[in-house]
Amino acid sequence: MNFNRVVIKVGSALVSPDKKGCSGKYIQAIASFITKCHQKNKEVILVSSGSVSAGRHLIQHGSPIPSIPTKQAMAAVGQMKMMANWQRFFDVPCSQLLITHGDLKDRERYINIKNTLRILLANGIIPIVNENDTVATEELKVGDNDNLAALVALISEADCFLILSDIDGVYTKDPRTNDDAVMIREISEITDEIYAMAGTTNNPIATGGMKTKIQAAEKAVENGIETYILNGSNSQVFDKILAGENPGTHFLASKEVSKAKKHWLKHTLKSHGQLYLDSGAVNAVKNKGASLLPSGILSINGEFLAGESLELIDAKTKVIIAKGICQYNYQDLVKIKGQNSEKIQSILGFCPSKVIVHRDDMVVL
Ligand code: GLU
């Protein structure tokens with residue numbers, strides 16, 4: 001297994017195995033794996049479940065399946081316990097990102113999350129993501145952390161996605177009730193048959209089951225991210241990953257993606273405006289693989305929002321040289337065009353990004 005940036009999804013069964021507070025029983029081995037990844041210069045983003053389970057014993061509830069407000073209160077108190085539990089196994093700082101599907105759908109918030117993750121990773125900090133359970137209504141939720149983690153893998157442009165639970169991988173039948181169930185080592189195409197093999201969860205606290213894991217794997221592999229379903233309760237699994245082996249089920253990433261992403265940027269994403277660039281910026285974007293800085297922008301056309309797609313035009317020849325997603329809306333960009341990036345903060349009073357169009361969000365035509 002070879003990767004540079006990995007998203008690791010850790011299920012409630014590992015964070016809160018006794019369904020009463022948090023424990024280090026499994027987390028310790030996962031944390032030590034993450035530390036080893038850091039030592040090999042790999043970047044790690046954690047998506048951790050377990051807030052509801054960790055807070056469950058602190059909130060009075062009658063029924064085995066608590067009401068939504070009761071679960072939200074459990075999440076509020078459990079999230080603190082869960083974060084503290086993670087932090088005690090790391091020397092580097094952990095950070096908390098609580099997000100909902102509503103945040104991922106909103107262009108500006110999407111860009112903010114992307115930028116925050118980029119900066120945390122650059123500073124060697126471990127981002128720990130969970131759904132913002134206490135504020136999210138059902139319509140605004142992703143609903144389960146398997147799918148949330150897949151979206152985090154996409155937003156962070158990870159090249160590997162590990163889904164850790166207490167099951168070894170995908171089996172042909174439910175291994176708890178069928179002795180002849182066989183684990184599938186490699187899945188190159190996610191078909192209806194694969195979904196049919198997925199049983200449902202029997203844990204009333206956890207939200208996902210094998211089905212949501214396969215949905216999450218599908219999202220990730222379509223976007224070129226190698227995905228594995230692994231048993232995080234077995235510490236030998238981590239030694240195997242570090243030795244380059246596959247200890248669970250590997251979903252092979254689609255190879256067509258970079259083409260698909262370029263196609264999406266080029267053809268599907270509607271342009272909301274144009275930026276006219278000086279010759280220095282044209283050269284940097286076209287020939288040096290650089291991001292677009294404010295200093296190279298001569299003029300702006302269009303009333304666009306942050307997160308919308310723009311055409312980058314050579315002001316001299318009027319030729320479109322690239323297309324990409326803009327970090328600023330047009331009102332703010334008018335104020336900072338032609339300026340050094342270092343001045344953005346003093347001009348606008350805030351600086352979410354020193355670049356206007358990040359290289360990762362750009363296609364050169
Ligand atoms: N956000 C939920 C929690 O922290 C978990 C959702 C899931 O496990 O899929 O308890």
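Basis for what follows: all heavy atoms, side chains included, without hydrogens, waters or symmetry-related copies. As the structure lists them, so they are numbered: ligands from 1, and atoms in each ligand from 1. Sequential numbering from 1 along the given sequence is applied to the chain's residues.
Enclosure of atom CE in M80 is not indicated, since only 12 or fewer non-hydrogen atoms of other residues, nucleotides or ligands lie within 6.0 angstrom.
The N/O atoms of E131, backbone and side chain alike, include none that comes under 3.5 Å of an N/O atom in ligand 1. Between S51 and ligand 1, at least one N/O pair is under 3.5 Å apart. Considering both main-chain and side-chain atoms, S53 never comes within under 3.5 Å of ligand 1 through any nitrogen or oxygen pair. The shortest N/O to N/O separation between M82 and ligand 1 does not fall below 3.5 Å.
Between E218 and K211, none of the side-chain N atoms (NZ, or NE/NH1/NH2) sits under 4.0 Å from a carboxylate O, so this pair counts as no salt bridge. The pair K25-D18 does not count as a salt bridge, with every side-chain nitrogen at least 4.0 angstrom from each carboxylate oxygen. A salt bridge links D180 with K173; the closest basic N to acidic carboxylate O contact falls under 4.0 Å. Salt-bridge annotation for D159 and R5: absent, with no side-chain N of the basic residue lying under 4.0 Å from a carboxylate O of the acidic one.
The cationic group of K42 lies under 6.0 Å from the six-membered ring centre of F3 and within 45° of the ring axis, placing it in a cation-pi geometry.
Per-residue contacts place D133 under 4.0 angstrom from the following atoms of ligand 1 (heavy atoms of the residue considered): 1 (N), 2 (C), 3 (C), 4 (O). The ligand atoms of ligand 1 that sit less than 4.0 angstrom from a heavy atom of S49 are 4 (O), 5 (C), 7 (C), 8 (O).
Under 4.0 angstrom from ligand 1, the non-hydrogen atoms of D144 come from both its backbone and its side chain.
The shell of residues lying under 4.0 angstrom from ligand 1, judged by heavy atoms, excludes A75.
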